[in-house]
Amino acid sequence: MTSYDAGPVAALRRISFLLERAREDTYKVKAFRGAAAAILPLPEEELVRRVAAGTLTDLPGVGASSAKVIAAAVRGELPDRLARAEAELSGPLTDGGAALRSLLRGDLHSHSDWSDGGSPLEEMAITAMELGHDYLVLTDHSPRLTIAHGLSAERLTRQLGVVEAVNDHLAGGFTLLKGIEVDILDNGSLDQDDELLARLDVRVASVHSKLKMDATAMTRRMIGAVRNPRTNVLGHCTGRLVTGGRGIRGQSQFDAKAVFEACAEHDVAVEINSRPERRDPPTALLELARDSGCLFSIDSDAHAPGQLDFLVLGCERAEAAGIDPDRIVNTWSKERLLEWARK
């Protein structure tokens, strides 16, 4: 039997991370994350006692599978479920991108359970730290995206206080930055109060509705958002889906040259969205943005902690396109990034 000394919470978190990274079914992940949350406040002596008595599953949130993981870890043994996950799911996500990934200092696009993410913002921050990030921008959705539980001005204001409290307790030089994925409205304006947007560190502006809008109107809409001085990053610009459980969706039509020229003029980064189902922008548009002189941001668009590891997928695409790392804003230090974002 292989020894294991990291403890049951770490074992459950690691299994969850690997399942999320591999895009496994959400219900599997929730079982292990729920069990980790259930046992986190318990003293070690109680866990030892419950393992001996076989009563772990009496705890709300602890099922049979997670109980086996907890029991093995409490005994100092490598849980079988963790060993299997490491063997099957921990390999490289891609053949390329490692060199550029090593240069990334953080991630500008992530979601928590305040909107449509699956985990508390604290868990997102801790996982980002474990991945070696210097910073993570929390970008939950804005009010119009009700299907994703977008944040009203009141809820976003409350979240900013929570982010400050989390940062007060974090160590090691990591910072959870205040942000938003703000919806680009039909007329090109941004879906949040301007005074509140001004309080944020980084703002990702994305189109989520009327993706089949006429190309001329869509171009006008996107350029309007790019010209807004609050916009820092143009998120998943075409809105396409190329695989995954939500099905396939074609890309929006717009004058990409005009939009990217506006991005270059207004110092707005074009997002290279690393989600496997997006791969946005498509290669031809990625190369056009490169040739238009744009800055870029390689983002995970993570909705769960394990998805923060998606960054390497975007890095592989950026390397293939020959994009200079210094044009990628999340290779920059936090200080340089924030100076740029305050433009």
Side-chain angles (χ1 to χ4, degrees), residues 104-112 115 128 133-142 144-145 150-151 153 156 159-160 163 175-185 188-208 221-239 259-275 278 280-281 285-286 289-290 292-302 311 314 318 323-343:
L104 295 189
R105 308 287 289 274
D107 188 340
L108 274 55
H109 188 169
S110 68
H111 299 273
S112 75
S115 63
H133 289 18
D134 293 342
Y135 50 81
L136 173 69
V137 185
L138 181 66
T139 55
D140 281 316
H141 290 285
S142 62
R144 173 168 163 171
L145 210 60
L151 274 62
L156 179 56
Q159 185 185 77
L160 300 187
V163 170
T175 306
L176 183 63
L177 295 175
K178 300 169 183 174
I180 190 171
E181 184 180 15
V182 60
D183 217 34
I184 299 174
L185 301 179
S189 61
L190 302 183
D191 179 37
Q192 190 50 274
D193 179 76
D194 186 71
E195 185 177 341
L196 190 50
L197 289 175
R199 295 177 57 189
L200 305 178
D201 296 311
V202 176
R203 295 143 292 246
V204 177
S206 306
V207 172
H208 289 103
R221 177 184 185 183
M222 295 173 74
I223 289 177
V226 167
R227 288 175 174 166
N228 189 308
R230 302 298 182 204
T231 300
N232 301 122
V233 179
L234 178 62
H236 47 70
C237 64
T238 76
V259 169
F260 295 150
E261 286 177 349
C263 286
E265 179 184 354
H266 294 277
D267 218 21
V268 169
V270 174
E271 178 180 72
I272 301 175
N273 190 288
S274 299
R275 294 195 68 85
R278 286 195 181 274
D280 203 356
L285 295 191
L286 178 58
R290 175 201 63 198
S292 298
C294 294
L295 294 172
F296 296 91
S297 177
I298 299 176
D299 296 328
S300 67
D301 193 359
L311 285 178
I323 295 172
D324 182 344
D326 196 54
R327 290 173 61 182
I328 300 167
V329 298
N330 49 326
T331 66
W332 299 351
S333 68
K334 181 185 73 173
E335 293 72 24
R336 183 181 176 189
L337 177 80
L338 291 178
E339 183 179 359
W340 162 75
R342 293 187 195 106
K343 64 182 187 297

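This is a predicted model, so every value here is computed, not measured.
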Does the pair Asp267 and Leu295 meet the rule for a side chain to side chain contact (heavy atoms under 4.5 Å, CB included), with working shown? CA-CA 7 Å; Asp267 218 21; Leu295 294 172; 3.3 Å; yes
How many angstroms lie between atom [atom1] of [X] and atom [atom2] of [Y], to the nearest 0.5 angstrom?
{"X": "Asn273", "Y": "Ser297", "atom1": "CG", "atom2": "OG", "answer": "9.5 Å"}
{"X": "Ile184", "Y": "Leu190", "atom1": "CD1", "atom2": "CG", "answer": "7.0 Å"}
{"X": "Leu104", "Y": "Thr331", "atom1": "CG", "atom2": "OG1", "answer": "7.0 Å"}
{"X": "Asp107", "Y": "Leu138", "atom1": "CG", "atom2": "CG", "answer": "11.0 Å"}
{"X": "Asn330", "Y": "His133", "atom1": "CG", "atom2": "NE2", "answer": "8.5 Å"}

Is the closest side-chain heavy-atom distance between [X] and [Y] below 4.5 Å?
{"X": "Lys343", "Y": "Asn232", "value": "yes"}
{"X": "His141", "Y": "His208", "value": "yes"}
{"X": "Glu181", "Y": "His109", "value": "yes"}
{"X": "Leu285", "Y": "Val270", "value": "no"}

Shortest non-hydrogen contact between Pro281 and Cys237, atoms and distance: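 Smallest interatomic distance, heavy atoms only, reads CB-SG, 3.7 Å.
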Starting from the C-alpha separation in whole Å, work towards a yes-or-no answer on side chain to side chain contact (heavy atoms under 4.5 Å, CB included) for Leu338 and Leu177. CA-CA 10 Å; Leu338 291 178; Leu177 295 175; 4.2 Å; yes
Decide yes or no on salt bridge (Lys or Arg N to Asp or Glu O under 4.0 Å) for Arg336 and Asp326, but give the supporting numbers first. CA-CA 11 Å; Arg336 183 181 176 189; Asp326 196 54; 2.9 Å; yes
So, are Asp134 and Lys334 salt-bridged, with charged N and O less than 4.0 Å apart?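 Salt bridge flag = no for Lys334 with Asp134.
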Identify all side-chain donor-acceptor contacts of residues 191-198 below 3.5 Å with residues at least two apart in sequence or on another chain.
residue, atom, partner, partner atom, Å
Asp191, OD2, Ser142, OG, 2.8
Asp191, OD2, Arg144, N, 2.6
Gln192, NE2, Leu151, O, 3.4
Asp193, OD2, Glu195, N, 3.1
Asp193, OD2, Leu196, N, 3.1
Asp194, OD1, Arg230, NE, 3.1
Asp194, OD2, Arg230, NH2, 3.2

Can you confirm whether the side chains of Asp140 and Ser112 place a donor and an acceptor under 3.5 Å from each other?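 On atom types as modelled, these side chains qualify, holding a pair under 3.5 Å.
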